[in-house]
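Report on the structure given below.
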Amino acid sequence: MADTSFSTRLLTWWDRHGRKNLPWQNERTPYRVWVAEIMLQQTQVKTVIPYFERFTARFPDMNTLADASVDEVLALWSGLGYYARARNLLRTAKICAEQHTGELPLTPEALLALPGIGESTANAIWSQANNHPAVVLDGNVQRVFARHDAIAGWPGKSSVRRKLWSAAEQVLPESRGADYTQAVMDLGATLCTRKNPVCDQCPVNSDCSSFRTGTVEQLPTPRPRLKITAHSFHVLILIDDQGRVLLERRPPTGIWGGLWSLPEHHNRQALEQRLGVEHDDMQSLPSLRHQLTHMKMTIHPHIGPAKPLATGVECNQDQRWFGPQDWSKIGLPKPIRQLLESHLAGDTTMSIRK
DNA sequence: AATTCGGGGTA
DNA sequence: TACCCAGAATT
């Protein structure tokens, strides 16, 4: 068997052991593959599945999605992270609805031109839609070829990424592009894993350089240490006489871009002054910590009544009152959603206002 | 070419 | 805790 090609051995293995019942596989339409590919960027399959089910149930096709509001799309994305993906998804849907009669354009170049679709994702969609082999280079595939061809260096570096792309390109099959894309990703996800890889079951171990030299566990090279910055800020939970909470829309760039969140500032006094509330009316809640990949934040919440008549707080496009029943309809940052739901589940009027 | 975007899975 | 996950856009 070792004299058959890499792709033949891989496909034979995949036919017997590959994953074939993932939600985006049983009805493998370009639309569903696209939604799945975007959700799966930097996000594990297990995490994505419930989000994918909810999202495609609400938006079963391109035109339905194109007509959605950004708030509803972000609501269904809430908790998944990397919210630019959701905004780009909606942008792409609108482009497809207006310029491509509600369909994804199925060429690599046209896909690459759409927001949120890079080289790897374009090829992943294209290969699965057209069954034409193409290089896909997600984290799984990077690991497979870093080991197979003993390519050292962190794959996040462009020089390393070019080598990996070339290695992947050289072993593409001539046919069965859709299955091959699944197969090479499945190999990385199920056998060629980061820790404890199952090399003795690997269909391509006979030509794997790092397996031969016993360096599988050393590759791929880990990313350089991130310096995790600490951020601390205050948020206000202002409740009006109807039990609604004041939320502000965050700017489209930066963390939690486009989501609704509580009024926030690193300086409590400045925050209270901006919102026009009395310091003594506010009751501090326990601080909560939220850890992200590149920062750890400490949130200091303060809760109290709003004074609609005395404050200059107006309702506008970026600042509105939302009741508990509205929170599921908008995108909220994970810790903010948890904060609201844990302290304000149900009726909020009685426990806060005196 | 390096940095910035979330949140969670896993050992 | 450390590291990574079906990466792309921005700086």
Side-chain angles (χ1 to χ4, degrees), chain A residues 19 22-25 32-52 74 77-89 91-92 111-125 127-128 134-144 146 153-162 164-165 168 181-190 192-197 217 220-229 231 250-259 261 289-297 331-338:
Chain A
R19 298 177 295 184
L22 295 170
W24 43 92
Q25 292 180 309
R32 288 167 62 85
V33 168
W34 165 61
V35 172
E37 290 296 336
I38 301 302
M39 284 191 173
L40 287 161
Q41 288 169 1
Q42 297 294 284
T43 312
Q44 293 188 350
V45 169
K46 185 176 182 177
T47 303
V48 163
I49 287 175
Y51 284 88
F52 179 85
L74 285 171
W77 210 273
S78 180
L80 197 55
Y82 286 142
Y83 298 96
R85 294 183 295 174
R87 298 196 307 275
N88 285 334
L89 202 73
R91 286 178 58 199
T92 289
L111 286 166
L112 187 56
L114 294 168
I117 298 179
E119 283 189 299
S120 179
T121 300
N123 280 357
I125 297 169
S127 67
Q128 294 183 80
V135 172
V136 170
L137 205 60
D138 61 24
N140 293 312
V141 182
Q142 289 171 13
R143 189 168 52 252
V144 167
W154 176 49
K157 288 185 64 175
S158 50
S159 60
V160 178
R161 184 185 163 81
R162 277 195 294 274
L164 292 168
W165 188 281
T181 289
Q182 289 293 330
V184 70
M185 291 193 289
D186 280 7
L187 180 66
T190 64
C192 196
T193 48
R194 186 167 71 91
K195 297 255 178 109
N196 306 318
E217 295 272 17
T221 304
R223 76 169 297 157
R225 284 271 198 282
L226 280 177
K227 51 173 182 180
I228 309 231
T229 56
H231 296 266
R250 300 179 61 85
T253 58
I255 193 160
W256 297 332
L259 273 64
S261 188
R289 299 175 185 283
H290 189 68
Q291 173 98 29
L292 288 68
T293 297
H294 56 293
M295 72 173 84
K296 60 174 72 175
M297 54 179 70
L332 289 168
K334 189 90 170 183
I336 302 300
R337 185 181 294 282
Q338 289 175 344

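Side-chain atoms are counted along with the backbone in the values below, which use heavy atoms only and exclude waters and symmetry mates. All of these numbers come straight from a predicted model, not from anything done at the bench. So that the names make sense, note that chain A is the first sequence line, chain B the second, and so on, each numbered from 1.
Side-chain atoms of Arg32(A) come within 3.5 Å of backbone atoms of Pro23(A) as a donor-acceptor pair (strictly under, hydrogens ignored). Counting only distance, with no hydrogens or angles, the side chain of Thr221(A) and the backbone of Gly153(A) share a donor-acceptor pair below 3.5 Å. No donor-acceptor pair under 3.5 Å is formed between the side chain of Arg337(A) and the backbone N or O of Gly79(A).
Across the protein-nucleic acid pair, Ile228(A) atom CD1 and dC4(C) atom C1' stand 13 Å apart, rounded to whole Å. Rounded to whole Å, atom C1' of dC5(C) lies 16 Å from atom CG of Leu187(A). Across the protein-nucleic acid pair, Leu164(A) atom CG and dA6(C) atom P stand 16 Å apart, rounded to whole Å. In this entry the distance linking CD of Gln142(A) with C1' of dA8(C) reads 13 Å, nearest Å. In this structure, Leu40(A) atom CG and dC4(C) atom P are separated by 19 Å, rounded to whole Å. Distance Leu226(A) CG to dT3(B) P: 9 Å, rounded to the nearest Å. Phe52(A) places its CZ atom 16 Å from the P atom of dA6(C), with the value rounded to the nearest Å. Going from atom CZ of Arg250(A) over to atom P of dT4(B) covers 16 Å, rounded to whole Å.
dC5(B) sits 14 Å from dC5(C) when the C1' atoms are compared, rounded to a whole Å. Across dG8(B) and dA9(C), the matching P atoms stand 24 Å from one another, rounded to whole Å. Spacing of C1' atoms, dG6(B) relative to dC3(C), comes out at 15 Å, to the nearest Å.
Both Glu37(A) and Ile117(A) lie close to DNA chain C; mapped to their nearest nucleotides by heavy-atom distance, the more 5′-ward contact belongs to Glu37(A).
Between Arg143(A) and Asn140(A), the side chains place a donor N or O and an acceptor N or O closer than 3.5 Å (distance only, hydrogens not considered).
Within the 4.0 Å cut-off from OP1 or OP2 of dC4(C), not a single side-chain nitrogen or oxygen of Arg143(A) is found.
Ring planes of His290(A) and Trp256(A): tilted class, angle from 30 to 60°.
At a threshold of 4.0 angstrom between heavy atoms, the contacts of Trp24(A) include nucleobase atoms, whether or not backbone atoms are also involved. The residue Val45(A) sits close only to the backbone: its heavy atoms come under 4.0 Å of sugar-phosphate atoms, none of a base. Within 4.0 Å (heavy atoms only), Arg162(A) reaches sugar-phosphate atoms of the nucleic acid but no base atom.
Once rounded to the nearest 0.5 Å, the distance linking CD of Gln25(A) with CD of Gln182(A) reads 4.5 Å.
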Practice problem: Please lay out, stage by stage, how Thr190(A) and Arg19(A) fare under the test side chain to side chain donor-acceptor pair (under 3.5 Å). | Solution: CA-CA 9 Å; Thr190(A) 64; Arg19(A) 298 177 295 184; over 6 Å; no

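Judged by distance alone with a 3.5 Å cut-off, no donor-acceptor contact links the side chain of Arg161(A) to the base of dA1(B).
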Exercise. Classify every nucleotide of nucleotides 5-11 of chain B by which part a protein heavy atom approaches to under 4.0 Å, writing B for the base, S for the sugar-phosphate alone and - for neither, in 5'-to-3' order.
Key: BBBBSSS

